[in-house]
Amino acid sequence: MKIAVASDHGGFALKEEIEKHLIGRGFDVMDLGTHSEESVDYPVFGKCIGETVVSGEADCGVAFCGTGVGISIACNKVKGIRCAVATNCFMAEMAKKHNNANILALGGRVLTPGEAAAIVDTWLDSTFEGERHARRVRLLDEM
Ligand code: RB5
């Protein structure tokens with residue numbers, strides 16, 4: 001499975017940590033930047049990772065900014081993206097089981113690398129439940 005990662009400067013350090021973690025788990029990781037702590041604009045990176053996932057170049061994505069909020073808003077502007085911010089494992093589990101989120105957004109100024117790794121693992125290892133949730137996701141995708 002190919003996982004895209006992207007961040008602004010506020011999420012850069014956490015992106016680097018999670019990228020290493022994902023590679024360690026055997027995933028194919030596509031790093032879309034940013035590549036330093038120099039200030040950049042999160043909408044640019046949210047658009048990029050959103051388009052990469054929608055086009056099928058990556059199967060899913062993990063996006064990072066200072067809080068996870070800004071880049072999640074940017075990702076969700078791309079039609080077909082369901083990006084969820086998660087600050088704990090329960091949110092990540094539900095984001096996959098109920099919302100079938102195709103991008104997870106995390107805050108580099110909110111989470112420790114260990115917390116973030118546990119959240120990403122929970123999301124990746126959870127499965128969309130379908131049924132009534134499929135109807136709701138379809139309604140989202142029609143918006
Ligand atoms: C950048 O300073 C910060 O605003 C950004 O990383 C993010 O937290 C926005 O939502």
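Every number for a ligand or one of its atoms is a count from 1 in the order of the listing. Quantities reported herein were computed from a predicted structural model and do not represent experimental measurements. All residue numbers refer to positions in the sequence shown, counting from 1. Keep in mind that the numbers below use all heavy atoms, side chains included, and drop hydrogens, waters and symmetry copies.
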V69: hydrophobic cluster co-members (side-chain, 4.5 Å) = I73
Tracing side-chain contacts under 4.5 Å among Ile, Leu, Val, Met, Phe, Trp and Tyr outward from M143 reaches L140
D125/K96 salt bridge by N-O under 4.0 Å criterion | no
Can you see which heavy atom on V62 is nearest to which on I3, and at what distance?
-> CG2-CG2, 4.1 Å
Going through the distances and angles, do R82 and N99 end up as a side chain to side chain contact (heavy atoms under 4.5 Å, CB included)?
-> CA-CA 7 Å; R82 294 176 304 281; N99 313 118; 5.6 Å; no
Donor-acceptor contacts under 3.5 Å from residues 108-120 side chains, at least two apart:
from : atom 1 : to   : atom 2 : distance (Å)
T112 : OG1    : E115 : N      : 3.1
T112 : OG1    : E115 : OE1    : 3.4
E115 : OE1    : T112 : N      : 2.9

Residues with a heavy atom under 4.0 Å from ligand 1, by chain and number, are D8, H9, Y42, C65, G66, T67, G70, R109
